Amino acid sequence: MPSHSKRGAEVPHSPIRSLLPYAKAAKAQGKHIFHLNIGQPDIETPVEALEAVHKSTGKIISYGPSEGIPSLRETVAGYYEKFDANLTANDIYVTTGASEAILFTLLACCDPGDEVIIPEPFYANYLGFAQMGAIHIVPLTTTLETQFRLPEPEVFEQLISPRTKAIFLCNPGNPTGQLYGHAELQKLMKLVRKHDLFLIVDEVYREFCYGKPFTSVLSFEEMEENVIVIDSISKVFSSCGARVGYLITKNRHLQRIVDKYAQLRLSPPYFGQLLAEACYLHAGDYIERAKAEYDRRRHVLYEGLSSIEGVECYMPEAAFYNMAGLPVTDAAHFCKWLLTDFELDGNTVMLAPGNGFYFHKEPGKNQVRIAYILNEQDLRHAVECLKEALKRYSLIYGEYSTGKVVVREWE
Ligand SMILES: Cc1ncc(COP(=O)(O)O)c(C=O)c1O
């Protein structure tokens with residue numbers, strides 16, 4: 001048999017999808033699952049945008065420009081004015097979701113063996129994309145105790161080596177739901193300029209900030225050479241399947257490279273781009289309504305989690321995630337058990353094990369990421385399920401007490 005690539009074998013599985021076979025089996029047994037494991041919004045896609053796609057009169061679905069349809073790029077440049085970003089259409093590359101923008105960015109900034117510093121926990125797919133390019137992720141661990149706040153720039157600086165090419169942030173954070181403010185970003189901006197690095201910021205959750213204002217790194221005047229922003233319509237407009245994202249940079253050298261990558265894959269999705277443009281132009285107050293809905297759910301989830309003995313959590317500032325610590329020693333085992341062995345009136349809950357969002361697996365071992373992408377009523381039921389599950393689990397596997405969990409052998 002021909003041998004496959006070592007690189008391919010080493011790319012990690014998505015931690016978010018790793019429990020799917022158990023979920024499938026649970027459903028086959030007739031269980032209903034409250035899905036809190038995946039960042040797939042349940043809010044409907046803007047109807048005006050769907051109509052624009054239905055009305056499309058094209059007779060041939062042809063390739064489009066590799067960098068994206070001009071009118072969409074213009075529209076997106078206009079959208080960024082509200083974030084004080086002075087962009088032209090030329091600074092915006094339409095990609096096949098933020099996912100492709102992440103891959104293009106890493107492959108445009110780094111050679112094999114180069115390093116990128118990323119605060120952990122981080123969106124798990126960064127690791128897989130980096131490994132596809134033989135790029136090393138250098139994690140900087142942030143903690144639940146400090147609500148995953150960014151450390152001072154000196155801590156980043158200690159990790160900079162001759163191979164470091166970039167600092168990569170997710171702001172607002174997935175999985176943490178935390179928001180880095182203007183002052184923190186300004187300090188990092190200074191650091192990347194001092195060391196001549198790129199600052200890559202994934203801003204796909206920018207519209208869902210509940211209190212503190214959002215600062216885009218595109219608003220910094222000195223950002224021209226150093227900054228790359230990743231964006232997407234997947235979350236903002238509940239359009240994950242449209243596969244439209246953006247890579248945004250004013251760095252002309254990077255743009256020339258991204259041009260070539262974009263040409264290699266010919267063009268971004270045609271219908272997705274139609275939908276995206278209509279979202280910006282015709283969706284009215286859609287974003288405000290979606291944000292208000294997530295905000296209500298954020299409170300429901302936080303209050304629910306806070307009422308469960310032994311659960312460590314905080315009120316997230318943004319996005320639609322809460323990274324909570326559970327009174328178990330191995331959250332991955334607990335998440336699997338929820339699907340295989342637990343039910344409450346025919347229901348169970350699916351959560352994303354926290355360790356999949358860390359490079360170092362230990363710090364996230366008792367954590368789970370909970371996405372509040374269910375309506376308030378379902379969310380309350382899901383929290384009840386979780387509460388009951390933790391009680392039963394502790395009876396089987398260990399004592400269930402705040403701060404001190406004694407676990408019996410389970411394998
Ligand atoms: C932080 C972050 N970046 C990127 C993506 C991928 O987005 P897209 O659907 O646009 O590829 C996700 C999806 O969950 C995400 O959470």
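In each ligand, atom 1 is the first atom listed, and ligand 1 is the first ligand listed. Because the structure is a prediction, the values reported are computed rather than measured.
The backbone N or O of F148 lies less than 3.5 Å from no partner atom in the side chain of Q178, so there is not a single donor-acceptor pair. Panel note: side chain N251, backbone E225; a donor-acceptor pair is recorded below 3.5 Å.
Annotation: cation-pi geometry not satisfied between R392 and F342 (NZ/CZ under 6.0 angstrom from ring centroid, within 45° of ring axis).
Residue contacts with ligand 1: R243 is placed with a nitrogen or oxygen under 3.5 Å of a nitrogen or oxygen of the ligand (distance criterion only).
Annotation for ligand 1: atoms under 4.0 Å from non-hydrogen atoms of S234 are 8 (P), 9 (O), 10 (O). In summary, the atoms of ligand 1 found under 4.0 Å from a heavy atom of S232, numbered by their order in the structure, are 8 (P), 10 (O). The contact set between ligand 1 and G97, taken as ligand atoms under 4.0 Å from a residue heavy atom, comprises 10 (O), 11 (O).
Nearest protein heavy-atom neighbour of atom 2 (C) of ligand 1: D202 OD2, 3.4 Å. Atom 14 (O) of ligand 1 has K235 NZ, 2.8 Å as its closest protein atom, hydrogens excluded (heavy atom only). The shortest contact between atom 11 (O) of ligand 1 and any protein heavy atom is with S99 OG, 2.6 Å.
Of the candidates G173, A101, A98, the one placing a heavy atom closest to atom 8 (P) of ligand 1 is A98.
Taking a cutoff of 4.0 Å between a charged side-chain nitrogen and a carboxylate oxygen, E100 and R243 do not qualify as a salt bridge. A salt bridge is absent between R256 and D259; no separation between the charged side-chain nitrogens and carboxylate oxygens falls under 4.0 Å.
In this structure, E100 has no heavy atom closer than 4.0 Å to ligand 1.
Only the side chain of C170 comes within contact range of ligand 1, with a heavy atom under 4.0 Å; no backbone atom does.
Between Y393 and H333, the ring planes are tilted. Angles from 30° to 60° get that label. Taking the six-membered ring where the residue is Trp, F104 and Y261 present tilted rings, their angle falling between 30° and 60°.
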